[in-house]
Trainee: 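The structure follows.
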Amino acid sequence: MGSNKYQPEKLENKWQQAWLKAKIFQAKDFPKMKKHYVLDMFPYPSAEGLHVGHPEGYTASDIFARYLKMNGFEVLHPMGWDAFGLPAENYAIRTGTQPEATTQKNIKNFKRQIQSLGFAYDWSREINTTDPEYYKWTQWIFLKLFEAGLAYEAFAPINWCPKDKTGLANEEVVNGKCERCGTEVVKKNIRQWLVKITDRKYIDRLLSGLEKLDWPESIKSLQKNWIGKSEGATVSFSVIARSEATTCPPNSLWRGRREQSRINNEIATPLGKLGARNDTIEVFTTRPDTLFGATYLVLSPEHPLVDEITAPMQKKAVEDYKLQASKKSDLDRTDLAKEKTGVFTGAYAINPVNNKKIPIWIADYVLASYGTGAIMAVPAHDERDFEFAKKYKLPIVKVIEPPKVMPKRTLESFASSGAAGHLQGDIESDCWIGGGVMVNSGKYDGMDSLKFSKVITDWLEKNDKGHQAVQYKLRDWVFSRQRYWGEPIPIIHCEKCKTDVELNAYEIHFYNQESWDMIMSGEKTVETRALNPDEKLKYFGNIKKGNFLRAVNKQTKQVQFLEVLEAKAFASLEELFKRPILIKQIYPKISIKTLKDLKQAFSFTPEYVDRIQRHGLIAWKIKKIQPGLIAVPEKDLPLELPRVKAYQPTGTGESPLASIEKWVKTKCPKCGSKARRETNTMPQWAGSNWYFIRYCDPNNEKQIASPEKLKAWLPVDLYVGGAEHAVLHLLYARFIYKFLFDLGSVPKECGDEPFMKLKNQGLILAQDNQKMSKSRGNVVNPDEVIKEFGADAMRMYEMFMGPFEDAKPWSINGIVGVKRFLDRVWVDVNALHDDVEKQSLTVRNGFSKSIHGLIKKVTQDIKNFGFNTCISEFMIFFNGKDGKPDWRPKLNKQDEWEAVSEIGKAIDMDALKTFLKLLSPFAPHIAEELWRLLGNKGFIAIEAWPKYDELKTQAKEIEMPIQINGKVRDRIIVPADTSETEIKAMVLGREKVKNWLQGKEPKNFRYIKGKIVSLVI
RNA sequence: GCCGGGAUGGCGGAACUGGUAGACGCACAGGACUCAAAAUCCUGCGAUCGCAAGGUCAUGAGAGUUCGAUUCUCUCUCCCGGCACCA
């Protein structure tokens, strides 16, 4: 027997170096073969080093990549470092070291650890997000977003962590607490950079793009949920003027006021949205069918109209309530168990469908950040409104009668959910949130509620009282941190440019969020307006190319500047109609074929049409600009992070960069006057949402990556990583990728989805079934595992533990099983080799049948990520079923070969080599070593993947179970292709079967070829 | 509350499109080797009745479809992950 022992530490490093030196895992840029891009989520190189969770995903993707390589694919399998971020900075603060230095140190350690596992990475493409040559392009992307109007500055109430003294993205707040330190998060109004991920151009693509992706359903639904699309309608409720509110006016009075406001606001309202007025409250509802049941309105306490509408006698109550609400943390406000509270404003509105006067309340269960910040309350058909109405004794009007005859299943589920009250129409004690038949809805009574939903929406549109609408839960992405260790935002603040623009600007106001959104959504939008000679001061016909518009959103108080790129006058609608391209830009979704369509689409009032016909119309092509915000010129990128002495966040909302005067003071690239640099830095997502693009061309100095190389590699075919990134990284990366796609930086051929297939590894828990964490002290260090068992055993064990995507506990006992197996392989192969050399064993190739089954099984399992079962197949093959391997003899106690198969003391050397090839993606080091031992040349890692003979995977004889009344009572060994008549005779002849039958004929006889015989007595 | 995923021996887990439940590994027990131990090798190992042959019960609980259900359908319980007053 071979005397040498399996000592992984003696051979693993050797092979790792050999692979590197031979460059066998370097991907060629323009592959002639089929390409495959296998990507791991790159790690944040923490000071603690790798934990055993990292190698799980890396091993799986490595096995897959090696498998593809052996199958003739050109494989791109890169690795890099996501190295900006808070921990490095916090560490620097504590120890007074440079984040740059500790980051370098951590990277070195991570790289050593990852390399010690023998992964087949192409290290020539290694990237690091903190490298100026890399973040130059992160900054470049930001500038492009800025140019497109997708990155903007805003004072926004953001999540603020008092301990870390920094703003947090929504996603970093877990249960109202800071994800990193657990401190309760408070709201703070702070100047921020935001990225408009909610832009119309992208949000629906982010949603619909999911459909074609091969991702786990759970991740897709998480993203869908996060985007949170709801379809419904917005409805305008007119507010009754304060003085008139006490005596609810008949319609005449009311209308007069309405006309008044229309005239006042016309100028401030973009074409087609003339319905918006400052005395209307817009609400969003997914249930326009319940509109007749809307018995009151509720505004969020932050709604911009609250102060304007509140009646004097309610002023104090409203102010108190607003103050109270503002003090509450998010956690308090969203606590569901809490009873709803609210205050009457003293104001009333008119329900547009029945002209009923309804009270307006404020309550903090209505969120300012969603929809329009206001709701219509339909207590009879919404549980929240119902609760509120009950408490404050507000009227409840039923407008939908639950269907009397319901499908049985629906009925049962209602009964069990305790909602049986609905069935009796017991509206006093309960509310019905389902559909049904309309009642109390005027002439629509008796209509199906689903149908009515559409009917009433059409009615609203026709009557200029509302329109079909879509809302999303997704918020814009807070894209700045008040921290040092991140990419500087390449923007310069110039006071002179700002005042210049402001001086030249025409002011326009928007009361309507939708109009605002439409105008702001980008360069292609065209603003149109009828000329109005009566209003000299605001004679918009004067606005020419090169002028500016100062646009104010009355609701959110947001201010934007628009530059007029082109101004065109049209004498009439007919003339405008001749310019279909222009119309398309205004209303991209509506097809306008006739002039009538045009008028309808724009919902012109007759007065307005009249004015256009008399005075003409002007249209502007505009571009959103950021006055006083000047982009750092591309040629000056990267804008490098300056060296600082102190990294403490200032806590004022400014980053530590603000205290480096030398860096902050600069010249405006546009006008040359004194200016200051932006001191916020980018969040960690900035570098990680596009890194996979850079791997394709990591050293390109001229472009983010060359289109040719991108065409060769993108999209990523397989992306492996943790499910914790389901909505953060994966959504941002998809957004940025789509943006770069639209920009042309990602070529059309690549498509606009970056990751075709996604696999999530399950969490590895500690021995005690708890999450591994430093504080619990149950973290397993891979270095120690490798030292004791070797990298191959570590890889094998991580794959053997259980299904890849499931959470599973680490067990040190478990790893000894695979280690023993590798020991056995080592010892046996050495011994076999020695004895073949000594000619005490003969080599006869091709007699093993089980090797074909193994190839088949392993090939399929790798494709399906079923690595755990692969490994058990390896064991079964090597040890043999019942301890009888069919490809070789076995060692007995005296270390002598004992024939276990019919072939005697012969070995199927081809089968052994095949076995090693199959094993090599899993345990690459031992496979290489034994491959050479058996006299082969070159690397097993680049050998061709074995093929199997399907015929030989099929057993000729089968042990067929015989079931009697559903239970296995006997077994019979038969040729696989035995016919039914043959088998029936054989089965009925069996002693055991006769015993069960007791002379009777079976009532039923069934034979499933290759599977089972079943009889019923 | 809503969405998604689970529940199989002492443990991690197998079981293809319904067809022998518990593969493989761990732990455990007995044996071999050893002065002894470790390592290694062999045997056994769901529960239960039985000396055995064999029987009975078993895949979270209950029902259903089927010759046959871990697998399909319904209801329920519990666990994990996510969202959470989103109108």
Side-chain angles (χ1 to χ4, degrees), chain A residues 5 174-175 216-222 224-226 228-230 232 283-287 290 298 333-338 340 363-367 369-378 382-385 387-388 409 412-413 416-417 471-474 723-724 726-727 762-763 769 797 800-803 805-818 820-821 823-824 827 857 860 864 866 868-876 879 881 883 890-893 959-971 992 1002-1006 1008 1010-1017:
Chain A
K5 231 180 106 194
V174 178
N175 290 326
E217 282 308 315
S218 61
I219 300 291
K220 286 196 201 179
S221 90
L222 239 45
K224 264 184 220 159
N225 233 288
W226 193 261
K229 182 176 183 172
S230 315
V283 304
F284 172 72
T285 179
T286 53
R287 294 293 304 276
T290 63
V298 188
R333 260 184 88 154
T334 60
D335 185 0
L336 261 172
K338 181 203 69 170
K340 296 189 188 353
D364 66 4
Y365 80 91
V366 175
L367 308 172
S369 55
Y370 182 78
T372 61
I375 62 159
M376 64 177 209
V378 186
D382 181 285
E383 279 165 345
R384 297 154 302 184
D385 299 341
E387 187 194 329
F388 193 78
R409 194 183 289 170
E412 277 168 1
S413 81
S416 66
S417 70
Q471 285 291 337
Y472 301 88
K473 282 200 256 183
L474 186 67
E724 67 273 17
V727 283
L763 206 60
N769 243 310
Y797 175 59
F800 188 53
M801 286 167 80
E805 303 191 51
D806 289 4
K808 45 216 169 263
W810 177 270
S811 157
I812 201 68
N813 290 328
I815 198 170
V816 306
V818 287
R820 277 177 201 157
F821 171 67
D823 274 334
R824 225 160 23 231
V827 169
K857 185 86 170 91
Q860 278 169 358
N864 300 326
N868 52 336
T869 47
C870 268
I871 291 168
S872 82
E873 289 304 313
F874 284 135
M875 292 170 173
I876 294 168
N879 300 335
K881 275 196 178 115
K890 249 185 111 175
L891 275 179
N892 63 20
K893 274 180 270 184
E959 192 190 36
M960 179 81 63
I962 299 168
Q963 249 180 23
I964 296 171
N965 286 343
K967 288 204 167 109
V968 179
R969 298 296 181 182
D970 198 6
R971 287 159 218 278
K992 278 185 186 165
K1003 280 186 201 150
N1004 195 336
F1005 182 93
R1006 225 173 267 256
I1008 316 292
K1011 294 246 158 107
I1012 205 161
V1013 173
S1014 173
L1015 34 160
V1016 183
I1017 297 167

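Just so it is clear: chains get the letters A, B, ... in the order the sequence lines come, proteins before strands, and each one is counted from 1. Values reported hereafter were calculated over all heavy atoms of this structure, with side chains retained and with hydrogens, waters and symmetry mates removed.
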Trainee: Taking ring-ring contact (aromatic ring centres under 6.0 Å, His included) as the test, write out the residues that go with A:Phe800, two or more places apart.
Mentor: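 Testing A:Phe800 for ring-ring contact (aromatic ring centres under 6.0 Å, His included), a comparison that skips the adjacent residues, returns none.
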Trainee: Determine the interatomic distance between P on B:G9 and the same-named atom on B:A61; round to the nearest Å.
Mentor: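 So the two P atoms sit 10 Å from each other.
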Trainee: Kindly say whether A:Gly762 contributes a backbone atom to a donor-acceptor pair with the side chain of A:Asp806 at under 3.5 angstrom?
Mentor: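 Pair absent, no side-chain N/O of A:Asp806 close to backbone of A:Gly762.
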Trainee: Could you say whether A:Ser230 or A:Ile876 is positioned toward the 5' end of RNA chain B, judged by the nucleotide with the nearest heavy atom to each?
Mentor: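 The residue mapped nearer the 5' terminus is A:Ile876.
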Trainee: Whole-Å distance between B:A27 P and A:Ile812 CD1?
Mentor: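 In whole Å, B:A27 P and A:Ile812 CD1 are 12 Å from each other.
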Trainee: Distance check, P atoms only: B:C72 and B:G19, in whole angstrom units.
Mentor: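 Straight-line distance between the two P atoms is 11 Å.
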Trainee: Please determine if a side-chain N or O atom of A:Arg820 lies less than 4.0 Å away from the OP1 or OP2 oxygen of B:A27.
Mentor: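 For B:A27, OP1 or OP2 has a side-chain N or O of A:Arg820 closer than 4.0 Å.
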Trainee: CG of A:Asp823 versus P of B:U40: gap in Å, rounded?
Mentor: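 One finds 7 Å between P of B:U40 and CG of A:Asp823, rounded.
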Trainee: Please tell me if the side chains of A:Glu724 and A:Leu763 come closer than 4.5 Å, counting only heavy atoms from C-beta onward.
Mentor: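 No, their side chains stay 4.5 Å or more apart.
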Trainee: Take atom NZ of A:Lys340 and atom P of B:A87, then tell me their distance rounded to the nearest Å.
Mentor: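 A:Lys340 atom NZ is separated from B:A87 atom P by 14 Å.
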Trainee: If the P atom of B:G44 is compared with that of B:C26, how far apart are they to the nearest Å?
Mentor: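 Roughly 15 Å separates the two P atoms.
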Trainee: I'd like to check the side-chain contact (heavy atoms from CB on, under 4.5 Å) partners of A:Ala374; sequence neighbours left out, ordered by chain and number.
Mentor: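 Applying side-chain contact (heavy atoms from CB on, under 4.5 Å) to A:Ala374 gives A:Ile281, A:Val283, A:Leu299, A:His303, A:Thr372.
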Trainee: Would you compute the distance between atom CG of A:Asp823 and atom NZ of A:Lys5 and round it to the nearest 0.5 angstrom?
Mentor: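 Result: 8.0 Å between the selected atoms.
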Trainee: Say we look at B:A7 and B:G22: how far apart would their C1' atoms be, to the nearest angstrom?
Mentor: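 One C1' to the other, the span is 16 Å.
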Trainee: Closest-nucleotide mapping onto RNA chain B: is A:Ile219 or A:Val1016 further toward the 5' terminus? I mean the 5' end.
Mentor: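 Looking at the nearest nucleotide for each, A:Ile219 comes out on the 5' side.
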Trainee: Paired with B:A87 by Watson-Crick or G-U wobble geometry, both distances under 3.5 Å: which nucleotide is it?
Mentor: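 With both distances under 3.5 Å required, B:A87 matches none.
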Trainee: Any side-chain heavy atom of A:Ile871 sitting closer than 4.5 Å to one from A:Asn868?
Mentor: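 They are not in contact (no side-chain heavy atoms under 4.5 Å apart), so the answer is no.
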Trainee: Identify the pairs formed between an N or O of the protein and an N or O of nucleotides 78-82 of chain B at a distance under 3.5 Å, and give each distance.
Mentor:
none

Trainee: Could you tell me the Watson-Crick or G-U partner of B:C35, where both distances fall under 3.5 Å? Say none if there is no partner.
Mentor: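 Across all strands, not a single nucleotide pairs with B:C35.
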Trainee: With sequence neighbours excluded, tell me which residues meet ring-ring contact (aromatic ring centres under 6.0 Å, His included) with A:Phe284.
Mentor: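 By the ring-ring contact (aromatic ring centres under 6.0 Å, His included) rule, A:Phe284 matches no residue at all.
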Trainee: Measure from CD on A:Glu873 to C1' on B:G25 and round the result to the nearest Å.
Mentor: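 A:Glu873 atom CD is separated from B:G25 atom C1' by 13 Å.
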Trainee: Expressed in angstrom and rounded to an integer, what is the separation of A:Lys229 atom NZ from B:C2 atom P?
Mentor: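 Atom-to-atom, A:Lys229 to B:C2, this comes out as 24 Å.
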Trainee: Let me know the distance between CD of A:Glu387 and C1' of B:A87, rounded to the nearest Å.
Mentor: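 Spelled out: CD on A:Glu387 to C1' on B:A87 is 14 Å.
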Trainee: So A:Lys890, base contact, sugar-phosphate only, or nothing? Heavy-atom distance under 4.0 Å.
Mentor: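 If one applies the 4.0 Å heavy-atom cut-off, A:Lys890 turns out to touch the sugar-phosphate alone, with no base involved.
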Trainee: Any side-chain to backbone donor/acceptor pair from A:Tyr797 onto A:Ser811? Under 3.5 Å, distance only.
Mentor: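 Checked: pair present.
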Trainee: Regarding A:Glu217, tell me which of base, sugar-phosphate or nothing describes its non-hydrogen contacts under 4.0 Å with the strands shown.
Mentor: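 Result for A:Glu217 = nothing.
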Trainee: Under 3.5 Å, is there any donor-acceptor pair linking the side chain of A:Lys224 to the base of B:C3?
Mentor: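 No pair found.
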Trainee: With a 3.5 Å limit on both atom pairs, tell me what B:A47 is paired to, counting Watson-Crick and G-U wobble, or say none.
Mentor: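 The base-pairing partner of B:A47, which may sit in any strand shown, is B:U56.
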Trainee: Taking the C1' atom in each of B:G81 and B:U75, what is the distance between them to the nearest angstrom?
Mentor: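 That atom pair is separated by 24 Å.
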Trainee: Please tell me which of the listed nucleotides, B:G25, B:A87, B:C85, lies nearest to the side chain of A:Thr285?
Mentor: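 Minimum distance to the A:Thr285 side chain belongs to B:A87.
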Trainee: Taking the P atom of each, how far is B:U8 from B:G12, in whole Å?
Mentor: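 After rounding to an integer number of Å, I get 7 Å for this pair.
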Trainee: Taking any strand in view, what nucleotide pairs with B:U77 in a Watson-Crick or G-U wobble way, both distances under 3.5 Å?
Mentor: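 Because both required distances fall under 3.5 Å, B:U77 counts as paired with B:A7.
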Trainee: In Å and rounded to the nearest 0.5 Å, what is the CG to CE distance from A:Asp385 to A:Met376?
Mentor: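 Result: 9.0 Å between the selected atoms.
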Trainee: Enter syn or anti for the glycosidic conformation of B:G9, syn applying to angles within 90° of 0.
Mentor: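 Base orientation relative to the sugar is syn.
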Trainee: Quick one: which of B:C26, B:C83, B:G55 gets closest to the side chain of A:Arg969?
Mentor: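 Selected nucleotide (nearest to the side chain): B:G55.
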Trainee: Determine the Euclidean distance between corresponding P atoms of B:C80 and B:C74; express it in Å to zero decimal places.
Mentor: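 Result for the P pair: 25 Å, nearest Å.
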Trainee: Can you list the residues that meet the salt bridge (charged side-chain N to carboxylate O under 4.0 Å, His left out) rule with A:Asp382, with sequence neighbours excluded?
Mentor: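 Here the qualifying residues are A:Arg384.
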Trainee: Would you mind reading off the distance between A:Arg824 atom CZ and B:A39 atom C1', rounded to a whole angstrom?
Mentor: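 Those two atoms, CZ and C1', are 13 Å apart.
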Trainee: Looking only at non-hydrogen atoms, find the nearest pair between A:Phe388 and A:Tyr365 and report the distance.
Mentor: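 Minimum heavy-atom separation between A:Phe388 and A:Tyr365: CD1-CE2, 3.5 Å.
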Trainee: Could you work out the separation of B:G18 and B:U66 based on their C1' atoms and round it to a whole Å?
Mentor: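 Rounded to whole Å, the distance is 9 Å.
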Trainee: With respect to the phosphate group of B:A87, does any side-chain polar atom (N or O) of A:Tyr365 fall under 4.0 Å of OP1 or OP2?
Mentor: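 Looking at the OP1 and OP2 atoms of B:A87, neither is under 4.0 Å from any side-chain N or O of A:Tyr365.
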Trainee: Evaluate the side-chain proximity of A:Ile1012 to A:Arg1006: yes if any heavy-atom separation is below 4.5 Å, no if none is.
Mentor: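 A:Arg1006 does not reach A:Ile1012 side chain to side chain.
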Trainee: Classify every nucleotide of nucleotides 11-19 of chain B by which part a protein heavy atom approaches to under 4.0 Å, writing B for the base, S for the sugar-phosphate alone and - for neither, in 5'-to-3' order.
Mentor: -BSS-BB-B
Trainee: Return the nucleotide paired to B:C2: Watson-Crick means purine N1 to pyrimidine N3 with N6-O4 or O6-N4, wobble means G-U with N1-O2 and O6-N3, both under 3.5 Å.
Mentor: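 Result: B:G82.
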Trainee: For A:Ile964 and B:G55, give me the distance from atom CD1 to atom P, rounded to whole Å.
Mentor: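 Going from A:Ile964 (CD1) to B:G55 (P), I get 10 Å.
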